[in-house]
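Residue numbers begin at 1 in each chain, while the letters A, B, ... track the order of the sequences.
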Amino acid sequence: MKSTPQYWLMKSEPDEFGIDDLKSVGKEAWSGVRNYQARNFMRDEMKVGDEVLFYHSSTKPPGVAGVAVVASKPYADPTQFDSKSPYFDPKSKEDDPRWILVDLKFKKKFKNYIPLSKLKECSELEDMTILQKGNRLSITPVTKKEFDFICELGS
DNA sequence: GCCAACGTTGGC
DNA sequence: GCCAACGTTGGC
């Protein structure tokens, strides 16, 4: 039987959209994911109420900035149909959308930002997908243990 | 700016 | 269906 993860880690570039942006808007459609594995997680496995570690990538230093919550069922990413969007996908059809997203809502910003270097030092986290060599996936499942451990580090 | 790792594309 | 070429991600 396949287990359904309840906890996730999602990457975002803070120059583009960071935890403070999520805090100020409250809720955001997670548009722009153009990777099938990541899409499948949103489409097939995420449930409203799942908790998400909000990770800042391509920044100094990279690390986990806070927590968000899945706030909608999966639906078609509107940016794929917008020819002016950088995420426009001419091969996607309105009646058969290729890219699916969920809404995220802000839960909290960690008091202590947890840099990637810190995550790497924790033996409790050594199996995390994000820490595996060569991992580039922008959305990955995390275990409850890992999630709780990281929340502890952040508070 | 570099580069390793990985995903996607397209010719055959 | 293979696989080389190319593009992207993302830490350093």
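- Side-chain proximity of A/Ser57 to B/dT8, B/dC6, C/dG10: nearest is C/dG10.
- For C/dT9, the OP1/OP2 oxygens have no side-chain nitrogen or oxygen of A/Tyr55 closer than 4.0 Å.
- With C/dT8, C/dC12, B/dT9 as the choices, the nucleotide that has an atom nearest any side-chain atom of A/Lys91 turns out to be B/dT9.
- Within the 4.5 Å cutoff, side-chain heavy atoms of A/Met46 are placed close to those of A/Ile139.
- Taking atom CD1 on A/Ile139 and atom C1' on B/dC6, their separation rounds to 17 Å, with Å as the unit.
- Atom pair A/Asp89:CG and B/dT8:P shows a separation of 12 Å (rounding to whole Å applied).
- Minimum atom distance to the side chain of A/Pro62 is reached by C/dG11, of the listed B/dG7, C/dG11, B/dT9.
- As a whole-Å value, the separation of A/Trp99 CH2 from B/dT8 C1' is 10 Å.
- When the P atom of C/dG10 is taken as reference, atom CG of A/Leu119 falls 15 Å away, rounded to whole Å.
- Checking C/dG10, B/dA5, B/dG7 against every side-chain atom of A/Lys11, the shortest atom distance belongs to C/dG10.
- Taking atom CG on A/Asp15 and atom P on C/dG10, their separation rounds to 13 Å, with Å as the unit.
- Contacts of A/Gln37 with the nucleic acid, taken as non-hydrogen atoms under 4.0 Å apart, involve only primed sugar atoms and P, OP1 or OP2.
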Worked verdict on A/Ser57 versus A/Glu13 for side-chain hydrogen bond (donor to acceptor under 3.5 Å, both in side chains): CA-CA 5 Å; A/Ser57 66; A/Glu13 300 188 12; 4.7 Å; no

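- Between A/Val70 and A/Lys47, the closest side-chain pair of non-hydrogen atoms is not below 4.5 Å.
- Look at CG on A/Asn35: it is 18 Å from P on B/dA5, rounded to the nearest Å.
- Note on A/Lys133: every side-chain N or O is 4.0 Å or more away from OP1 and OP2 of B/dC3.
- Following rounding to the nearest Å, A/Gln132 (CD) and C/dG11 (P) show an atom-to-atom distance of 14 Å.
- Computed from coordinates, the A/Arg136 CZ to C/dG11 P distance equals 12 Å when rounded to whole Å.
- Considering only heavy atoms from C-beta on, A/Ser12 stays 4.5 Å or farther from A/Asp21 through its side chain.
- A/Tyr36 is listed as a side-chain neighbour of A/Trp99, based on a closest heavy-atom distance under 4.5 Å.
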